Amino acid sequence: QVQLIESGGGLVQAGGSLKLSCATSGGTFNSDTMAWFRQAPGKEREFVGASSRGGISTGYADSVKGRFTISRDNRKNTVYLQMNSLTPEDPAVYYCAADTSSYYAGRYYHENAYDSWGQGTPVTVSS
């Protein structure tokens, strides 16, 4: 069974940086599209960014484009989210997600595309 474990969340100042990690096991990491979503208090869960299988391409929400970067370490079966220039709009619980299916379930920026989820790691930004 696929397991996803996020880490790296915490408190940072506005304008600062933070790097989140998502360690995976029990899946086919190199063949899976990986994504990050986030959910702020009182808001719906929203797409942050995704990395295609093999890390060939990435896609980001407009709200984080140019500030956040997704990368992969295939040796460690881990995907990262490097967050720079954090703002008070970024605090949320950040979730790692994986598409381990062999069929099309949805576009990469939709929750329905992913069948495995981590428990989430909170990110807080102070002004």
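The chain is numbered in sequence order, starting from 1. What you are looking at is a predicted structure, and each value in this text was computed from that prediction instead of being measured. The figures here come from the full heavy-atom set of this structure, side chains too, leaving out hydrogens, waters and symmetry mates.
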Handout entry: Point-to-point distance, once rounded to the nearest 0.5 Å, from CZ of Arg38 to NZ of Lys43
Key = 8.0 Å
Exercise for the section: Answer yes or no: are there more than 12 heavy-atom neighbours, outside Arg45 itself, under 6.0 Å from its atom CZ? Expected result: yes
Practice task
Kindly state whether the ring of Tyr60 and the ring of Phe47 have centres lying under 6.0 angstrom apart.
Solution key: no
Practice task
Check the hydrophobic clustering (I, L, V, M, F, W, Y; side-chain heavy atoms under 4.5 Å; chains of links allowed) and say if Ile70 and Trp117 are grouped together.
Solution key: no
Practice task
Calculate, to the nearest 0.5 Å, the distance between atoms CG and OH belonging to Leu20 and Tyr95 respectively.
Solution key: 13.0 Å
Handout entry: Under 3.5 Å: donor-acceptor pair, side chain of Ser101, backbone of Asp99
Key = no
Problem - Side-chain donor-acceptor contact under 3.5 Å, Arg72 with Ser51 - result: yes
Exercise for the section: For this output row, return yes or no: ring centroids of Phe37 and Tyr114 closer than 6.0 angstrom. Expected result: yes
Practice task
Verify the neighbour count for atom CD of Glu89: are there more than 12 heavy atoms of other residues, nucleotides or ligands below 6.0 Å?
Solution key: no
Problem - CA sep, side-chain torsions, deciding dist, call: Leu81, Val48, side-chain contact (heavy atoms from CB on, under 4.5 Å) - result: CA-CA 9 Å; Leu81 180 66; Val48 175; 4.2 Å; yes
Exercise for the section: Check whether any side-chain N or O of Ser52 sits under 3.5 Å from a backbone N or O of Ser57 as a donor-acceptor pair, and report yes or no. Expected result: yes
Fill in the blank from the handout: Closest non-hydrogen contact found for Gly106 with Ala113 is O-CB, 3.4 Å
Fill in the blank from the handout: Note: Arg53 and Asn30 closest approach over all heavy atoms is CB-O, 3.6 Å
Problem - Any donor-acceptor pair under 3.5 Å from Thr24 side chain to Thr78 backbone - result: no
Handout entry: Closest heavy-atom pair and its distance - Thr87, Arg67
Key = CG2-NH1, 3.9 Å
Handout entry: same_hphob_cluster(Val64, Leu18) at 4.5 Å side-chain heavy-atom cutoff
Key = yes
Handout entry: No-hydrogen, no-angle side-chain donor-acceptor test under 3.5 Å, Thr100 and Asp115
Key = yes
Fill in the blank from the handout: Distance col, row Asp73:CG vs Ser21:OG, nearest 0.5 angstrom, shows 9.5 Å
Handout entry: Single-linkage hydrophobic cluster Tyr80~Leu86, side-chain heavy atoms < 4.5 angstrom
Key = no
Exercise for the section: Calculate, to the nearest 0.5 Å, the distance between atoms CD and CD belonging to Gln119 and Glu6 respectively. Expected result: 4.5 Å
Problem - Inter-residue atom distance Asn84.CG - Phe68.CZ, 0.5 Å rounding - result: 8.5 Å
Exercise for the section: Group every Ile, Leu, Val, Met, Phe, Trp and Tyr by side-chain heavy-atom contacts under 4.5 Å, then state whether Val93 and Val125 land in the same group. Expected result: no
Problem - Spatial distance of atom CH2 (Trp36) from atom CE (Met83) [nearest 0.5 Å] - result: 8.0 Å
